[in-house]
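Here is the structure we will look at.
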Amino acid sequence: MEPVVPGSIPARAGSSGHPRAWGRRGITPVVKVSGRGSGRVSVAGLLAMRPGSRTHLCHRLRRHTGRKGERRSLSERDYIDLIDGMHQLVKAPLVLVWDRLNTHVSHAMRDLINARDWLTVCTLPAYAPELNAVEYLWAHVKHSLANLASVALDRLETFVRNRLKQLQYRPDILNGFIAATGLSLDLPPPSP
């Protein structure tokens, strides 16, 4: 998971109402966006699938304003609140497939996970983002942000929140993210 921050965007040259930017041949014109170090938005998300039920998306956003002493990323508490929220939503035990982000594998997180008997965690191999369905979700959301020139952090946060809210009602797209991993859901054999 990567934070989304305002910055420089390539100017688009085009017709039909698109602004044109001119520059020297061979040099891509860049429109500078004044973010003035206004901070960043961190996002965490979970996709939950269950046979016979629709796929769910649960997410948490945290705005970081860059104040002195403020944490610049999501904490273990933020992640466990996200997991607890998903558990309440699906009302079933969870098998969590996670990457090896340092917050995911910390001692504090391990203690929080061990306190939840309904939670099983499987860790993905290192450097395997193609096995993580949420990476496809972030790619999809970031693609929609490609030409966003947000000067205000709260506007960026609102835009990301709205994009994720729209995806919550599109289980077909969420299923596509899971299918893109190539991982299968193997159900245990029925008991006699």
Side-chain angles (χ1 to χ4, degrees), residues 1-6 9 40-64 73-105 109 112-113 116-148 150 153-190:
M1 158 189 23
E2 295 178 32
V4 180
V5 295
I9 60 168
R40 63 183 0 168
V41 174
S42 294
V43 188
L46 289 176
L47 291 173
M49 67 174 291
R50 182 187 214 177
S53 180
R54 76 178 185 91
T55 302
H56 294 281
L57 166 63
C58 198
H59 63 275
R60 292 285 188 268
L61 273 79
R62 168 129 347 214
R63 184 191 315 184
H64 310 283
S73 62
L74 295 167
S75 68
E76 287 86 349
R77 186 81 248 163
D78 294 321
Y79 285 107
I80 208 67
D81 287 346
L82 175 63
I83 294 166
D84 288 342
M86 182 61 83
H87 177 62
Q88 290 175 358
L89 180 67
V90 299
K91 297 176 178 48
L94 297 178
V95 176
L96 184 64
V97 180
W98 246 355
D99 58 12
R100 295 179 183 269
L101 182 70
N102 59 356
T103 311
H104 296 173
V105 296
M109 180 56 77
L112 290 167
I113 289 170
R116 287 154 177 80
D117 58 350
W118 46 263
L119 181 62
T120 304
V121 176
C122 301
T123 309
L124 290 171
Y127 307 107
E130 69 277 2
L131 298 177
N132 190 346
V134 176
E135 293 295 338
Y136 294 99
L137 169 71
W138 299 145
H140 183 80
V141 171
K142 286 178 186 179
H143 180 74
S144 66
L145 296 173
N147 292 319
L148 175 68
S150 177
L153 190 62
D154 57 344
R155 189 167 158 224
L156 175 65
E157 181 182 8
T158 301
F159 188 81
V160 171
R161 194 178 301 276
N162 288 342
R163 278 285 187 237
L164 291 169
K165 185 73 171 173
Q166 290 170 355
L167 285 171
Q168 285 179 324
Y169 298 103
R170 301 288 308 271
D172 52 331
I173 293 177
L174 301 177
N175 288 336
F177 299 148
I178 294 169
T181 66
L183 299 175
S184 64
L185 176 65
D186 293 329
L187 298 174

Would you say the side chain of [Y] lies within less than 4.5 Å of the side chain of [X], judging by non-hydrogen atoms?
X: W118; Y: L94; result: yes
X: Y79; Y: L96; result: no
X: L47; Y: Y136; result: no
X: L164; Y: V141; result: yes
X: C122; Y: V95; result: yes
X: H59; Y: L167; result: no
X: W138; Y: V43; result: yes

Between [atom1] of [X] and [atom2] of [Y], what distance do you get to the nearest 0.5 Å?
X: H140; Y: L145; atom1: NE2; atom2: CG; answer: 10.5 Å
X: R62; Y: R40; atom1: CZ; atom2: CZ; answer: 13.5 Å
X: R161; Y: L156; atom1: CZ; atom2: CG; answer: 11.0 Å
X: Q168; Y: I173; atom1: CD; atom2: CD1; answer: 12.5 Å
X: E76; Y: L112; atom1: CD; atom2: CG; answer: 7.5 Å
X: L57; Y: M86; atom1: CG; atom2: CE; answer: 6.5 Å

(message) Going by the rule side chain to side chain donor-acceptor pair (under 3.5 Å), which residues pair with R163 if we only count those two or more places apart in sequence or in a different chain?
(response) S144, Q166
Taking every non-hydrogen atom, the tightest pair across [X] and [Y]:
X: M109; Y: H104; answer: CG-O, 3.4 Å
X: L183; Y: L131; answer: CD1-O, 3.5 Å
X: N132; Y: D99; answer: ND2-OD2, 3.7 Å
X: S73; Y: S42; answer: CA-OG, 4.2 Å
X: A92; Y: R50; answer: CB-NH2, 3.3 Å
X: R100; Y: L124; answer: NE-O, 2.9 Å

(message) Are there over 12 heavy-atom neighbours, none belonging to R170, within less than 6.0 Å of that residue's CZ?
(response) no
(request) Evaluate whether atom CZ of R116 has more than 12 neighbouring non-hydrogen atoms of other residues, nucleotides or ligands under 6.0 angstrom away. (result) yes
(request) Begin with the C-alpha distance, continue with both residues' side-chain angles, and end with the deciding distance and a verdict on side chain to side chain contact (heavy atoms under 4.5 Å, CB included) for F177 and E135. (result) CA-CA 8 Å; F177 299 148; E135 293 295 338; over 6 Å; no
(request) Please answer whether the main-chain N or O of S75 pairs with a side-chain N or O of D78 as donor and acceptor at a distance below 3.5 Å. (result) yes
(message) side chain to side chain contact (heavy atoms under 4.5 Å, CB included), that's the test. Do L61 and V41 meet it? Break it down for me.
(response) CA-CA 7 Å; L61 273 79; V41 174; 3.9 Å; yes
(message) Between M49 and L174, is the side chain to side chain contact (heavy atoms under 4.5 Å, CB included) condition met? List the steps.
(response) CA-CA 9 Å; M49 67 174 291; L174 301 177; over 6 Å; no
(message) Would D81 and R60 count as a salt bridge (Lys or Arg N to Asp or Glu O under 4.0 Å) here? Give the steps.
(response) CA-CA 9 Å; D81 287 346; R60 292 285 188 268; 5.9 Å; no
